[in-house]
Colleague: 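The following block contains the structure, expressed as structure tokens.
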Amino acid sequence: MLKRKMGKSFFADLHDSHERIQIYLKLDVVGQACFELFNSIDLGDIVGCEGTLFVTRMGERTLKVTSLELLSKALHPLPDKHAGLTDVETRYRRRYADLIVNPEVRNVFRMRTRIIQAIRDFLNNEDFLEVETPILQPLYGGAMARPFKTHHNTLDIPMYMRIADELYLKRLIVGGYEKVWELCKDFRNEGMDRLHNPEFSMVELYFAYADYKDVAELFERLLRDVVQKVHNSYKINYGDHEIDFEPKFNWVTMLGSIQEKTGVDFSEMSFEEAKAKAVSMDIGLNEEALINWGKVVEAVWEAKVEPTLVQPTFVADFPKEISPLAKVHRDNDRLTERFELFIAKQEMGNAFSELNDPVDQLKRFLQQGKAIEAGDEEAQPLDDDFITALCYGMPPTGGLGFGVDRLVMLLTNQHSIRDILFFPQMKETKEGSVPVSKILTEIAKED
RNA sequence: GGGGGUGUAGCUCAGGGGUAGAGCAUCUGCCUUUUAAGCAGAGAGUCGAUGGUUCGAUCCCAUCCACCCUCACCA
């Protein structure tokens, strides 16, 4: 509501969630009572009005109001009508005010919904079954992360908010569904920054009788389809980059891409040789973290290759040591059948040919158990029922997980996760009750 | 956790050791086709918090809090 008073008449701009229209209101048309009502209306009030359309002297289509009704009163003054609301803390803490004032923010969240709908439509068309699995779990697993812990009163047991869906969706593959997926809210009790919020959204999908290359083909089609539906184009801008989803995505291997960028071939090196070579490259590595060949390869890759991956690129065949849930590569037992997709230098998804051998899986759980005893708060606890499920026989399966929030950031050109979550987690302010509640308490007393 | 930055009116911001400033918003008056309408006037603040220095602190110093950026750690 932007008012322009002209003596015994008004012009004003009226907005709804999509558009604005100008209204015109004259004293001798609407009468004294209505005129005074309108005179008392503030920016942010919600009104309903009836009238007829005309075109002003300046050529603008305008509603000449014959009757007007105040539907809802805004008690809190709105931010500046021109400068808007730019203080980021207020924008996140009072998203409603941000949304009222900043139409481009409303649009970002509309796009978020469209992106999720496009993902759902695509997977439905591919005959993937959308399922729901427990968010509140007696045991957590499927990722390396610290969980949120809570307690069930009646059962008197600890319960956890899920950190991933993986183990439940795989149980459904064991149960005979061949294509399942879930849009999952996951919860990780860890640091918060530009890319991380304690609660976030992932898509996980599992595809029986498929391997990681089949999954890559599916993922590529999915992204291309979503980008096209949301942007009406295969090209998008992200920061300084133009990303083109139309050409076939690049496919490189981790070792091959390192060799291409540095000329060094790590594939046949021992751990000691690889570490010595990596250290000699002088790329600021933390030597203490280089505890095995896989870690060395990963560190070199992150330093030399990852920052160069702007256009969509699958990076495949990760070292075994850094891929505990992936199947060993059919041609090379130092590697796994795993890829991550990189776009605009950011990881956009992670997939592998899933480990489906219960004995191997049990061994890996037991290793994790030792890590827990050693104080690793992110190691995974042994899930006996999951092992039991694998004993019933899980077909060869390709699995994929990708962060919905990261994808939304990419497709909306936003650079903080807080800009694509309506209500991002913020620290509690120490102030206690807000001043507004004090003022309203006084008003209530007067009544 | 390390480094850098920010915090002053409802909003956007300036200022500066001696009674706190602007624009917009709000309120009052004038104006019946305006477009960031105009003109005249008014009200509005714990200057993020707590200590210290000082005759005097919003300003200087210390500590703390919140937010942003960045690095580290972590998916």
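Note on naming: letters A, B, ... go to the chains in the order of the sequence lines (proteins, then strands), and numbering restarts at 1 for each one.
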Colleague: Regarding B:U32, can its base be found pairing with the side chain of A:Asp28 as donor and acceptor, where the two atoms are less than 3.5 Å apart?
Modeller: yes
Colleague: Round to a whole Å and report the spacing from NZ of A:Lys5 to C1' of B:U33.
Modeller: 16 Å
Colleague: Using atom P of each nucleotide, how far apart are B:C39 and B:C47 to the nearest Å?
Modeller: 33 Å
Colleague: Here's a test of your reading of the structure: between A:Val55 and A:Asn39, which maps to the more 5' nucleotide of RNA chain B?
Modeller: A:Asn39
Colleague: Between A:Arg4 and A:Asp13, is the closest basic N to carboxylate O distance under 4.0 Å?
Modeller: yes
Colleague: Using ring centroids (six-membered ring only for Trp), state whether A:Phe11 and A:Tyr24 fall under 6.0 Å.
Modeller: yes
Colleague: Determine the interatomic distance between C1' on B:A25 and the same-named atom on B:C13; round to the nearest Å.
Modeller: 14 Å
Colleague: Under 4.0 Å from any atom of RNA chain B, heavy atoms only: list the residues of residues 294-317 of chain A that qualify, in numerical order.
Modeller: none
Colleague: Once you apply a heavy-atom cut-off of 4.0 Å, does A:Gly403 come out as touching a base, just sugar-phosphate, or nothing?
Modeller: nothing
Colleague: Whole-Å distance between B:C67 C1' and A:Asp98 CG?
Modeller: 15 Å
Colleague: Can you check the distance between B:G38 and B:C24, where both ends of the measurement are the C1' atom (answer in whole Å)?
Modeller: 15 Å
Colleague: Without decimals, in angstroms, what is the distance between A:Asp87 CG and B:A9 P?
Modeller: 11 Å
Colleague: Can we say A:Glu60 and A:Arg20 salt-bridge, meaning some charged N sits less than 4.0 Å from an Asp/Glu carboxylate O?
Modeller: yes
Colleague: For nucleotides 68-73 of chain B, print each protein N/O atom paired with a nucleotide N/O atom at under 3.5 Å, atom names and distance only.
Modeller:
from, atom 1, to, atom 2, distance (Å)
B:C68, OP1, A:Arg418, NH1, 2.0
B:C68, OP2, A:Arg418, NH1, 3.1

Colleague: Hey, what are the protein-to-nucleotides 34-36 of chain B N/O distances that come in under 3.5 Å?
Modeller:
from, atom 1, to, atom 2, distance (Å)
B:U34, OP1, A:Arg57, NH1, 3.4
B:U34, O2, A:Arg4, NE, 2.6
B:U34, O2, A:Arg4, NH2, 3.2
B:U34, N3, A:Gln22, OE1, 2.9
B:U34, N3, A:Gln22, NE2, 3.0
B:U34, O4, A:Gln22, NE2, 2.4
B:U34, O4, A:Thr56, OG1, 3.2
B:U35, O2, A:Gln22, OE1, 3.4
B:U35, O2, A:Glu60, OE1, 3.1
B:U35, N3, A:Glu60, OE1, 2.8
B:U35, O4, A:Thr56, OG1, 3.3
B:A36, N3, A:His82, ND1, 2.7
B:A36, N3, A:His82, NE2, 2.8

Colleague: Can you tell me the distance, in whole Å, between the CD1 atom of A:Ile163 and the P atom of B:C74?
Modeller: 16 Å
Colleague: Consider the side chain of A:Lys427, meaning its heavy atoms from C-beta on, and name the nucleotide among B:U12, B:A66, B:C74 that approaches it most closely.
Modeller: B:A66
Colleague: For atom P, what is the distance between B:A20 and B:A44, given to the nearest Å?
Modeller: 13 Å
